[in-house]
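Note on naming: letters A, B, ... go to the chains in the order of the sequence lines (proteins, then strands), and numbering restarts at 1 for each one.
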2 protein chains.
Amino acid sequence: MKKKLSIKDIAEQLNVSKTTVSFVLNGKASENGVSQAMQRKVLSYIEKVGYRPNKMAQGLRTGKSKTIGMMVEDISDTFFSTIARKFEEILTTKGYKIIYGSTENNTDVTKELIRVFRNHQVDGYIIAPPPGIEEDIKALIEDGVPVIIFDRPLTELDVDSVLVDNYRGAYKATQHLLANGYKNIVMVTLLSEQTQMRERERGYRQCVEEAGGKPAILKIRYHEKKEKAIADIEQYLKNNRKTDAVFFATNYLAENGLEAIANCKLAIADRIGVVVFDDSNWFRLFKPSITAISQPIEAICTEVTNLLMERLEQKKEIAPKAIVLPTNMIIRNSSVPVKKAGRT
Amino acid sequence: MKKKLSIKDIAEQLNVSKTTVSFVLNGKASENGVSQAMQRKVLSYIEKVGYRPNKMAQGLRTGKSKTIGMMVEDISDTFFSTIARKFEEILTTKGYKIIYGSTENNTDVTKELIRVFRNHQVDGYIIAPPPGIEEDIKALIEDGVPVIIFDRPLTELDVDSVLVDNYRGAYKATQHLLANGYKNIVMVTLLSEQTQMRERERGYRQCVEEAGGKPAILKIRYHEKKEKAIADIEQYLKNNRKTDAVFFATNYLAENGLEAIANCKLAIADRIGVVVFDDSNWFRLFKPSITAISQPIEAICTEVTNLLMERLEQKKEIAPKAIVLPTNMIIRNSSVPVKKAGRT
DNA sequence: GTGAAAGCGCTAACAG
DNA sequence: CTGTTAGCGCTTTCAC
């Protein structure tokens, strides 16, 4: 077992003090008047023996762990894992590591997660918050810990946040369906208090009502069994034969909904239009390919990390920013009847 | 800013020594003869003020960080993110957090990742290793750090590992295609040294040769541009009109390959059979639905974490175990010609 | 049964 | 310009 060497060893070997080594290590050598020659000597020796400072000791001393705590609903969800990858990419270049936790969109789980992260002394938080977590986040902020919220807003809390315009995204999706001649659009969404879901619903409602229609909404419970979800959607479709388009509020719902549509033997596009909120790599391969509202993942990540770094580096008070990004509609064939426009 | 309290504060408030509090905290109270009354007193006070020990200090003292370093090729890949979620679920119950890093299947990136993880004093490693990392892993093991390898073998290194029988999975896939009457099967795989890919290739070759055919393999570069990958596969299909089935070595290749097949207007199942290594939630929704070789993700995760916990808890030497799990073929419609059996 | 004290590896104020 | 030293918060040996 190769003995891990400490700053003390380095200092002894070099016949200098720990301070000098520490200064060099932290780039404070010049400002503390360590000679260039000495700096080079230390640096090259460190390089040679492959010394790396112990983060634990550093963390204990400085109160900084150089890790960021990321909390999302479920890290296995494509949307979040793609984001996790981007965060990693960006934060790594800044010398940070990420520790993650899945909230399951559950307040208690999240509270516990925050506690654990605090114990680990994470330097900052990136959170897609579940409902009812306002108080805990507020406490964090009051303690001066950088927190960036994304994906879901936290109303009544002044905090840095990066969101997507769910309302407009849903509105545009609905509008697009109406423009393509679909008259009876049902929105399939989650039975959930999540604000972003409510916003999507609001966008849909608004658009339908403006067009003089009446909204039809089917809600599925969050962790509903796949079979039950499919059966429910199927049932709805059978009881409402006039329905000629479906707007799925999430990717995950579409997974079940598309199966339900297949079971009902309804021809997508011609007999029933389909638009999904959140894109998937696979959608372009479906026949017909599936129209989707895609979130600007790249932009979300850079905005979040920018805000975070700002907080991390800034010492002076800065007012929280709320950034809202537009969605992007990717029109494919599922929302365009063949008679009017597309090929399947 | 709420002052974070330390064990010293607790001790002072309670008029006992830090030692006593520490013993209670670590469940070593009874064995060190702290009275029941005192234990209850400490516990209830701690509960009341919400004290939680500082992991950094604990880590510095004990050399344990209670975090596990997970390194996979790319955390945004569904396979790995699903696994990450499961790891999290299991390790959380044991009091561990996970810090992750994406290797990009690159040796240097991985080396650096290992260094960073070491600095962070992670207690154990879960690694899907890139080629050429043997030496570094060996060094880790010699230092007595628990390391569990998964997904890809590290030949010539005696280390705990959990793998899937890629050879047999590929063999079975090929056999299944042959059994369904497909004669000219091409395997589309990655131009890669990764052992698991080589094993899949070997399984395919073996099966084709046993049947008296001659293997046909199309290799795509790893981070190839999507358009180029699609064009290459398309080209192959056009130049080899006799090809009547495709075996995709990964999910990711299938994404492009299915598009190529669509571009060539070849009817999946009837004109061209398709099997994919690695399942996707979306495959059952394709028309026709896509036959896949699925990896036992649940089992992989429990085996990996079991091995890890064993190493973490055990003090005595134990011989490394190599666990190989079987794959599971999910026969859907893409590999069964309609004339013979299925519906689309 | 309980407490004092050493020390994990590091940073940074303060001496020299 | 460089070194000495005092902790950061915790665990654990050893003495009372």
Side-chain angles (χ1 to χ4, degrees), chain A residues 1-43 45-46 49-66 95 118-123, chain B residues 2-43 45-46 49-67 95 118-123:
Chain A
M1 155 123 52
K2 174 181 66 193
K3 178 83 171 57
K4 252 275 198 175
L5 16 74
S6 77
I7 199 169
K8 196 172 141 219
D9 301 321
I10 306 287
E12 278 169 8
Q13 298 302 316
L14 252 32
N15 264 316
V16 298
S17 81
K18 293 193 300 172
T19 314
T20 308
V21 180
S22 175
F23 279 154
V24 173
L25 241 36
N26 295 294
K28 295 187 180 161
S30 300
E31 81 191 49
N32 284 83
V34 174
S35 71
Q36 288 295 324
M38 181 52 96
Q39 292 192 37
R40 266 193 300 279
K41 187 169 149 200
V42 172
L43 249 15
Y45 185 72
I46 281 172
V49 298
Y51 165 76
R52 287 297 196 89
N54 178 324
K55 290 274 175 205
M56 286 279 146
Q58 252 175 330
L60 177 57
R61 188 61 241 244
T62 62
K64 300 281 164 246
S65 60
K66 284 290 183 178
R118 293 212 76 164
N119 303 151
H120 280 271
Q121 314 284 122
V122 307
D123 297 340
Chain B
K2 176 180 65 194
K3 178 84 172 53
K4 252 273 195 177
L5 17 70
S6 78
I7 199 169
K8 195 171 140 220
D9 302 320
I10 305 289
E12 277 170 8
Q13 296 303 314
L14 252 34
N15 263 313
V16 298
S17 81
K18 293 193 299 172
T19 315
T20 308
V21 179
S22 176
F23 279 155
V24 174
L25 241 34
N26 295 294
K28 295 187 179 160
S30 299
E31 82 192 46
N32 284 82
V34 174
S35 70
Q36 287 296 325
M38 178 56 87
Q39 292 192 37
R40 264 193 301 279
K41 188 169 148 197
V42 172
L43 250 14
Y45 184 72
I46 281 172
V49 298
Y51 165 76
R52 286 298 196 88
N54 178 324
K55 289 276 175 206
M56 286 280 149
Q58 254 177 325
L60 177 57
R61 188 61 239 250
T62 60
K64 301 279 164 249
S65 62
K66 283 291 184 178
T67 70
R118 292 212 78 163
N119 303 151
H120 279 271
Q121 315 281 125
V122 307
D123 296 341

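- Contact annotation for A:Asn15: backbone-only contact, meaning every heavy-atom pair under 4.0 Å involves sugar-phosphate atoms and none involves a base.
- A:Lys18 comes within 4.0 angstrom of a base, heavy atoms only.
- Between the CZ atom of B:Arg118 and the C1' atom of C:dG9 there is a distance of 16 Å, given to the nearest Å.
- Two residues, A:Thr19 and B:Arg61, neighbour DNA chain D, and the one matched to the more 5' nucleotide by heavy-atom proximity is A:Thr19.
- Panel note: side chain A:Gln39, backbone A:Val34; a donor-acceptor pair is recorded below 3.5 Å.
- Among the nucleotides D:dT2, D:dT11, C:dG9, the one closest to any side-chain atom of A:Ser6 is C:dG9.
- Applying the 4.0 Å criterion to OP1 and OP2 of C:dC10, one finds that A:Tyr51 has a side-chain N or O inside that range.
- In this model, the phosphate group of C:dT11 is approached by a side-chain N or O of A:Gln58 to a distance below 4.0 Å at OP1 or OP2.
- Note: NE2 (B:His120) to P (C:dG9) measures 17 Å, nearest angstrom.
- Listed nucleotides D:dG3, D:dC8, C:dG3 differ in distance to A:Thr20; the shortest reach to its side chain belongs to D:dG3.
- Residue A:Ser17 has a polar side-chain atom (N or O) positioned under 4.0 Å from OP1 or OP2 of D:dG3.
- C:dG1 atom P lies 14 Å from atom CZ of B:Phe23, rounded to whole Å.
- For the pair B:Ile10 CD1 and C:dG3 C1', the interatomic distance rounds to 17 Å; values are reported in whole Å.
- A:Leu60 has its CG atom 12 Å from the C1' atom of C:dG7, to the nearest Å.
- Nucleic acid contact for B:Thr62: sugar-phosphate only, since backbone atoms but no base atoms lie under 4.0 Å from a heavy atom of the residue.
- With the nearest nucleotide of DNA chain C identified for both B:Asn32 and B:Ala57, B:Asn32 has the one nearer the 5' end.
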Does the side chain to side chain contact (heavy atoms under 4.5 Å, CB included) test come out yes or no for B:Asn26 and B:Gln58, once each step is laid out? CA-CA 11 Å; B:Asn26 295 294; B:Gln58 254 177 325; 4.3 Å; yes

Do A:Arg118 and B:Arg52 pass the side chain to side chain contact (heavy atoms under 4.5 Å, CB included) test, and can you show the C-alpha distance, the side-chain angles, and the key distance before you say yes or no? CA-CA 9 Å; A:Arg118 293 212 76 164; B:Arg52 286 298 196 88; over 6 Å; no

Start with the C-alpha gap between A:Ser22 and A:Ile7, add the side-chain angles, then the distance that decides, and say whether side chain to side chain contact (heavy atoms under 4.5 Å, CB included) holds. CA-CA 7 Å; A:Ser22 175; A:Ile7 199 169; 3.8 Å; yes

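- With D:dC10, D:dT12, C:dC10 as the choices, the nucleotide that has an atom nearest any side-chain atom of A:Asn54 turns out to be C:dC10.
- If you check D:dT2, D:dT12, C:dG9 against the side chain of A:Ser35, the one that comes closest is D:dT2.
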Please determine whether side chain to side chain contact (heavy atoms under 4.5 Å, CB included) holds for the pair A:Met56 and B:Ser65, giving the CA-CA distance in whole Å, both sets of side-chain angles, and the decisive distance to 0.1 Å. CA-CA 8 Å; A:Met56 286 279 146; B:Ser65 62; 3.3 Å; yes

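- Distance A:Glu12 CD to D:dT4 P: 11 Å, rounded to the nearest Å.
- Atom NZ of A:Lys55 is separated from atom C1' of C:dC10 by 12 Å (rounded to the nearest Å).
- Put simply, CG on A:Asn26 is 10 Å from P on C:dC10, counting in whole angstrom units.
- For the atom pair CG (B:Asp9) and NZ (B:Lys18), the distance works out to 10.5 Å, reported to the nearest 0.5 Å.
- Which of C:dT2, C:dT11, D:dC10 sits closest to the side chain of B:Ile7 comes down to D:dC10.
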